[in-house]
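One structure below.
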Amino acid sequence: MVSSASQEPKRPSSVSFYMHDTLQNKTHPWTDTAVEVAGPHHNLTGLGFGKIIVFNDSLTDGPSLASSKIVGKGQGVYIYDHTQAGVAFNALLLFSALIETGEYNGTINFMGADVILAPSRDISVVGGTGDFEMARGIATITTHSIDGDTFIVLFKIKLIYW
Amino acid sequence: MVSSASQEPKRPSSVSFYMHDTLQNKTHPWTDTAVEVAGPHHNLTGLGFGKIIVFNDSLTDGPSLASSKIVGKGQGVYIYDHTQAGVAFNALLLFSALIETGEYNGTINFMGADVILAPSRDISVVGGTGDFEMARGIATITTHSIDGDTFIVLFKIKLIYW
Amino acid sequence: MVSSASQEPKRPSSVSFYMHDTLQNKTHPWTDTAVEVAGPHHNLTGLGFGKIIVFNDSLTDGPSLASSKIVGKGQGVYIYDHTQAGVAFNALLLFSALIETGEYNGTINFMGADVILAPSRDISVVGGTGDFEMARGIATITTHSIDGDTFIVLFKIKLIYW
């Protein structure tokens, strides 16, 4: 985030957004927002364990990428660190939300275990900059929809600033 | 971690566990818990510098994987970012401990420099969820034992919740 | 960081350093401090999107690697998660500064979006150990100079300890 020390941070106590993640495949590479960059050489552990995916996803205020307002970008990485078909897919999720709306500008930094098949799961807000300067908090994640390789995920975030 | 907003977090001021990490090799792939997924193409920097290892390790309340109580999973990644044979092996350690005991349920998120050959080293707790909601703290790591490709490491963790 | 529970942390409210990062190339491998370890197989997304670079950079108190005082090492990873030629290069920056001066000893852990072409940008301090025990804060990053594959970057860091 571009630093803006001259302005007083706005420090909202909550924010939410939808993140739109489309995994790279061969049929629609022009709409990719996430790409696999590493994985095990010998796939002994099965099912994608160890894969690292880098993403640059649009963030919107509603669930539709076409008609909702863009509020920023989610940029970072997820790493499959537990997989078991139909039972569990966990990823370590590390990313920055670069928020840019009329109201708020700044970044929120996230880290946590994304238990992908759980209806709802929590990760940590570990820091923030700009209008979110010194934020900490909890993001509750729910999967809004899955359409082929496109995942739309809702983040509801509670923030504190001490 | 599955979110559980309806319950009051228990917020313990300390927790400890042993983490059991077995690096993938060709002789016992069925017991692997950690796999190399990336590294430099040209090994100019020597000794494994740059390697990324993804892990899904059991956490126990005592040092024995066979007889101690399982208290959760450690899931994440370590990245060798400094190596010098016999002198120094540092890794950036990023992982979530998914704790599930009778007493506590939740996740603790860790980040820090694991100075592997030091008898004791500290990393940061950067967040927590569930019973560890909003945790921060320090984890002191000591290597309990090394047996071939299996490392047993003790984490003693002090936690605060403001 | 080697743990040092017996001493009282010094907890400075600010610290700054220059970080010296030299990307691996074929003409001067002996001075490399950063190496690419992963990236997309199909470079559909162009311009290095998805590349992961692991680094072990010297930290100095002034801009000259030759004549400034060494104050520690910056060890970690950056991940290109947004690229557009001449317009934007963002990286997720995750690293530990292992500070060792006469005055302070400890680690500071950083996470944030490094908007590389911005004259100034902020990332989060998400934790600290040793003399920086329990630190949080903001690091304002400015690019001091670029010379071929060598980047010298100034970190001005404000720290709090609650």
Side-chain angles (χ1 to χ4, degrees), chain A residues 1-6 9 22 24-26 28-39 50-57 72-79 92-100 105-111 124-136 161-162, chain C residues 36-54 76-84 88-94 109-127 135-142 155-162:
Chain A
M1 173 61 193
V2 176
S3 62
S4 54
S6 56
T22 301
Q24 185 184 49
N25 67 29
K26 294 184 176 77
H28 54 65
W30 49 89
T31 60
D32 294 343
T33 69
V35 61
E36 183 185 330
V37 302
K51 284 189 182 173
I52 301 181
I53 287 94
V54 177
F55 63 90
N56 179 13
D57 291 351
K73 286 281 187 175
Q75 297 178 344
V77 66
Y78 48 88
I79 302 167
L92 182 67
L93 181 55
L94 290 155
F95 78 103
S96 289
L98 289 80
I99 305 290
E100 200 170 325
N105 294 291
T107 66
I108 306 172
N109 295 314
F110 299 89
M111 176 179 179
S124 296
V125 171
V126 299
T129 69
D131 280 331
F132 311 101
E133 190 178 292
M134 299 299 292
R136 300 188 65 230
Y161 295 89
W162 50 43
Chain C
E36 183 185 331
V37 301
H41 300 296
H42 313 286
N43 203 6
L44 299 171
T45 42
L47 286 165
F49 178 87
K51 283 189 182 174
I52 300 181
I53 287 95
V54 177
V77 67
Y78 49 89
I79 302 167
Y80 288 106
D81 52 16
H82 177 48
T83 62
Q84 198 181 344
F89 294 90
N90 293 7
L92 182 67
L93 182 54
L94 289 156
N109 294 314
F110 298 89
M111 176 179 179
D114 188 0
V115 181
I116 296 170
L117 296 187
S120 172
R121 59 272 186 193
D122 287 352
I123 64 168
S124 296
V125 172
V126 299
R136 300 187 66 230
I138 300 279
T140 299
I141 306 177
T142 51
F155 286 73
K156 290 188 176 181
I157 306 158
K158 283 181 274 185
L159 298 169
I160 59 172
Y161 295 90
W162 52 42

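Residue numbers begin at 1 in each chain, while the letters A, B, ... track the order of the sequences. Note: hydrogens, waters and symmetry copies are ignored here, and every other heavy atom, side chains too, is used.
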TODO: Under 4.5 Å heavy-atom distance to chain C, tell me which part of Ile108(A) shows up: side chain, backbone, both or neither.
DONE: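 For Ile108(A), there is no contact with chain C at all, as no heavy atom is under 4.5 Å.
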Task: Residue, of Ala34(A), Ala97(A), Gly128(A), Ala38(A), that accumulates the most heavy atom pairs under 4.5 Å with chain C - done: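 Answer, by heavy-atom pair count under 4.5 Å with chain C: Gly128(A).
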Task: chain A contacts, top residue of Val37(C), Asp81(C), Val126(C) (heavy-atom pairs, under 4.5 Å) - done: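 Heavy-atom pairs under 4.5 Å are most numerous for Asp81(C).
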Open item on the list: Suppose we screen for salt bridge (charged side-chain N to carboxylate O under 4.0 Å, His left out). Which residues come up paired with Glu36(A), at least two apart in sequence or across chains?
Closed with: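 Salt bridge (charged side-chain N to carboxylate O under 4.0 Å, His left out) check on Glu36(A) returns Lys51(A).
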Task: Interface moiety of Ile160(C) toward chain A, non-hydrogen atoms closer than 4.5 Å - done: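 Contact with chain A involves the side chain of Ile160(C) alone.
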Open item on the list: The criterion is side-chain hydrogen bond (donor to acceptor under 3.5 Å, both in side chains); which residues satisfy it with Asn109(A), sequence neighbours excluded?
Closed with: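 For Asn109(A), the residues satisfying side-chain hydrogen bond (donor to acceptor under 3.5 Å, both in side chains) (neighbours in sequence not counted) are Ser96(A), Ser124(C).
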- [ ] Decide yes or no for Phe110(C) and Val125(C): does some side-chain heavy atom of the first lie under 4.5 Å from some side-chain heavy atom of the second?
- [x]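 Result yes, sub-4.5 Å side-chain heavy-atom pair found.
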Open item on the list: When you compare the side chains of Asp122(C) and Thr140(C), does any donor N or O come within less than 3.5 Å of an acceptor on the partner?
Closed with: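 Result is yes, a qualifying pair exists.
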